[in-house]
Amino acid sequence: MTSREIMENVVKYMDSKKAGDIKVLDISTVTTMADYFVICQGGSAPQMKAISEEIEEKLAEQGINPIGREGMNTSYWILMDYSDVIVHIFNNESRAFYSIENLWGDAQEVD
């Protein structure tokens with residue numbers, strides 16, 4: 001599966017759990033770290049956990065597992081590393097505070 005297909009699936013899984021303000025940044029032209037950042041927010045810790053579990057479960061069914069995860073026990077930022085696709089799930093306050101979209105302002109937003 002290509003990184004674009006993984007990214008598109010992540011967006012679909014986020015949407016299925018009613019994630020808020022989903023954005024995709026194509027970071028491939030500004031760094032070699034990954035191809036995409038997929039960013040969203042959850043309205044509560046349980047919703048954030050549900051979003052992350054949906055992504056992990058559905059991708060695992062396709063044989064795709066994260067190489068790293070952080071923040072699974074926090075209520076402000078969950079990060080899932082799928083090599084070329086990095087998933088960020090924020091609560092509302094952390095999303096505004098960290099402002100990843102502005103930090104990576106040279107990256108192109110994917111519609």
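The closest donor-acceptor contact from the side chain of Asp26 to the backbone of Val110 lies at 3.5 Å or more, if one exists at all. Distance alone, capped at 3.5 Å, places no donor-acceptor pair between the Glu5 side chain and the Met1 backbone.
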Checklist entry - Does the pair Leu59 and Asn65 meet the rule for a side-chain contact (heavy atoms from CB on, under 4.5 Å), with working shown? => result CA-CA 7 Å; Leu59 289 179; Asn65 296 297; over 6 Å; no
Item to check | Verdict with supporting geometry, Met72 and Ile78, side-chain contact (heavy atoms from CB on, under 4.5 Å) | outcome: CA-CA 6 Å; Met72 300 304 277; Ile78 297 173; 3.4 Å; yes
Item to check | Pair Gln108-Leu25, side-chain contact (heavy atoms from CB on, under 4.5 Å): steps then yes or no | outcome: CA-CA 6 Å; Gln108 182 178 355; Leu25 300 179; over 6 Å; no
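Just one of Met7, Glu8, Glu109, Arg4 meets the side-chain contact (heavy atoms from CB on, under 4.5 Å) condition when paired with Val24; it is Met7.
With salt bridges taken as basic N to acidic carboxylate O contacts below 4.0 Å, one links Lys49 and Glu53.
With rounding to the nearest 0.5 angstrom, the CZ atom of Phe97 is 11.5 Å from the CG atom of Asn91. Here the NZ atom belonging to Lys17 is positioned 9.0 Å from the CD1 atom belonging to Ile51, to the nearest 0.5 angstrom. Rounding to the nearest 0.5 Å gives a distance of 6.5 Å between CD1 of Ile86 and CG of Leu79. Residue Ser83 holds its OG atom at 12.0 Å from CE of Met33, rounded to the nearest 0.5 Å.
Linking ILVMFWY residues whenever their side-chain heavy atoms come closer than 4.5 Å, directly or via other members, places Trp77 and Trp104 in the same cluster.
With a 4.5 Å cut-off on side-chain heavy atoms, Phe37 and Ile100 count as touching. You'll find the side chain of Tyr82 stays beyond 4.5 Å of the side chain of Arg69, heavy atoms only. Side-chain contact between Gln62 and Ile6: absent, with no pair of heavy atoms (C-beta onward) separated by less than 4.5 Å. Side-chain contact between Ile89 and Met80 is present, with at least one heavy-atom pair separated by less than 4.5 Å. Residues His88 and Cys40 are not in side-chain contact: their nearest non-hydrogen atoms beyond the backbone lie 4.5 Å or more apart. Two residues are said to be in side-chain contact when any heavy atoms from C-beta on lie closer than 4.5 Å; Lys58 and Glu54 meet this criterion. Side chains of Arg95 and Asp21 form a contact here, defined as non-hydrogen atoms less than 4.5 Å apart. Using a 4.5 Å cut-off on side-chain heavy atoms (C-beta onward), Phe90 and Tyr76 make no contact.
The closest side-chain donor-acceptor pair between Asn92 and Gln41 falls under 3.5 angstrom. There is no side-chain donor-acceptor pair under 3.5 Å between Asp84 and Ser3.
Around the CG atom of Asn73, the shell of radius 6.0 Å holds no more than 12 heavy atoms that belong to other residues, nucleotides or ligands.
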